[in-house]
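Structure first, then comments.
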Amino acid sequence: MKKIIFDVDTGIDDAMAIAYAVNSPELEIIGLTTSYGNVAVDEATRNTLAVLEKLGKRIPVFAGSAKPLTRGNREGFAKKVHGEDGLGNVLDFEPAASAETQSAVDFIIEQVKELPNEVTIIAVGPLTNLALAIQKAPKIIGQISEVVIMGGAVFVPGNTTPHAEANIFTDPEAAKIVLSSSLPITMVGLDVTMQTLLPRDKVEAWRNSETGEFFADMVGFYLDFYESVNPGIGGCGLHDPLAVGVAIDSSFVKTKYISVEVVTEGKEDGRTVPNPDGKPKIQVCTEVDAPNFLDHFLKRVPVSK
Ligand code: BDR
Ligand code: CA
């Protein structure tokens, strides 16, 4: 079992990724850390607790960054994509549990120090928490077993601007700190996540349990957004779930070992630029076995209490 710290900005695909992760026996989620991104940090924390409650799982949640390292928040966050509540406007209860008092950044540092070379971090929001953790405690860089990031668009166009993917665009300075560190990173970007689409008929098939209704309504909102932006696309991107899939089984993807630089200004702000000769190098996912991954995901999500 891999010990996982799961850094999320819960959002609809984050919620699916949480369900996938907690239902995967290969992973032991030792804590979820939250940040702003799709919604404000307080909303992301609430959503994370609510999704865990729906799934009947008790895992500690640690609230993290409220804004990017050096910039302000994006107006309206990504609520057009994920709904006013971040969960497709289906959230109709306040979670019973609360976040822990320790901060996300301190939790990451503490756990890596206590479990050297044992912790995998899956980060599927802006990279602010991780950047702050390695700035505060640089020694942990050499003690983290693996970092799987959903972010970037290395050889394909962006989704927030023609050049930039949302998680990197939201805090390019944090992404630069993380991607220029010597962390052992696998980058699961739009290069592969836009090939792993979840079709509507699979989502509708979830409607046979209470949990399934919640997930089907929520993901229905996400599907509507994808269709509105790209008519005929035939599904929504399984961005964050694919990062979980890669942490479970890296054979879902093929990678290139290259360096990735982050643009932090101008019209290409937030772009992730490949540099085959640069350093440090990371594993950039370039191909995915989408049918196999989708099959694996659908066997585990959603699962009733
Ligand atoms: C990423 O951006 C967020 O909106 C999603 O949750 C995902 O992490 C996709 O670009
Ligand atoms: Ca996310």
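As the structure lists them, so they are numbered: ligands from 1, and atoms in each ligand from 1. Basis for what follows: all heavy atoms, side chains included, without hydrogens, waters or symmetry-related copies.
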(request) Check if Asn159 has a non-hydrogen atom at a distance under 4.0 Å from any atom of ligand 1. (result) yes

(request) Would you kindly say whether Ser65 and Asn129 are connected by a side-chain donor-acceptor distance under 3.5 Å? (result) yes

(request) Could you list the atoms of ligand 1 found under 4.0 angstrom from a heavy atom of Met150? (result) 1 (C), 7 (C), 8 (O), 9 (C)

(request) Determine whether any heavy atom of Gly11 lies closer than 4.0 Å to an atom of ligand 1. (result) no

(request) Anything under 30° is parallel, anything over 60° is perpendicular, the rest tilted; go ahead and classify Tyr226 against His239. (result) tilted

(request) Decide, counting backbone as well as side-chain atoms, whether Val124 has an N, O or S atom less than 3.0 Å from the Ca ion (ligand 2). (result) yes

(request) Using the side chain to side chain contact (heavy atoms under 4.5 Å, CB included) rule, pick out the option among Val273, Asn275, Thr272 that qualifies with Val260. (result) Thr272

(request) Please state whether the rings of Tyr20 and Phe293 are parallel, tilted or perpendicular, taking 30° and 60° as the class boundaries. (result) perpendicular

(request) Could you tell me the residue and atom name of the protein heavy atom closest to atom 8 (O) of ligand 1, and the distance to it rounded to 0.1 Å? (result) Asp240 OD1, 2.6 Å

(request) Around atom 3 (C) of ligand 1, find the nearest protein heavy atom and jot down its residue, atom name and distance. (result) Asn38 OD1, 3.2 Å

(request) Nearest 0.5 Å please: distance from the CD1 atom of Ile185 over to the CG atom of Leu130. (result) 7.5 Å

(request) Would you mind running through ligand 1 and noting each atom that sits below 4.0 Å from a heavy atom of Ala166? (result) 2 (O), 10 (O)

(message) Quiz question: by atom type and distance under 3.5 Å, do the side chains of Thr128 and Tyr36 form a donor-acceptor pair?
(response) yes

(request) Could you tell me whether the Ca ion (ligand 2) has an N, O or S atom of Asp13 under 3.0 Å away? (result) no

(message) With carbon and hydrogen excluded and only N/O/S kept, which atom of Asp9 is nearest the Ca ion (ligand 2)?
(response) OD1

(message) Any side-chain to backbone donor/acceptor pair from Asp240 onto Ala17? Under 3.5 Å, distance only.
(response) no

(request) Determine which of the N, O or S atoms in Asp240 is closest to the Ca ion (ligand 2) and give its atom name. (result) OD2

(request) Cation-pi check, Lys202 to Phe297: give yes when NZ or CZ is under 6.0 Å from the six-membered ring centre and within 45° of the ring axis, no otherwise. (result) no

(request) Of the side chain and backbone of Asp14, name the one, both, or neither that has a heavy atom under 4.0 Å from an atom of ligand 1. (result) side chain

(request) Name the closest protein heavy atom to atom 6 (O) of ligand 1, giving the residue it belongs to and the distance to 0.1 Å. (result) Asp13 OD1, 2.5 Å

(message) Looking at Asp191 and Val154, would you say the former's side chain and the latter's main chain have a donor-acceptor pair under 3.5 Å?
(response) yes

(request) Flag His82 as yes when one of its N or O atoms lies below 3.5 Å from any N or O atom of ligand 1, and as no otherwise. (result) yes

(request) Using distance alone, decide if ligand 1 has a nitrogen or oxygen within less than 3.5 Å of any nitrogen or oxygen in Glu165. (result) yes

(message) Within ligand 1, which atoms have a heavy atom of Asn167 less than 4.0 Å away?
(response) 1 (C), 2 (O), 3 (C), 7 (C), 8 (O)

(message) If you compare all heavy atoms of Cys285 against all heavy atoms of Thr186, which two are closest, and at what distance to 0.1 Å?
(response) SG-CG2, 3.8 Å

(request) State whether the shortest distance between N or O atoms of Val124 and N or O atoms of ligand 1 falls below 3.5 angstrom. (result) yes

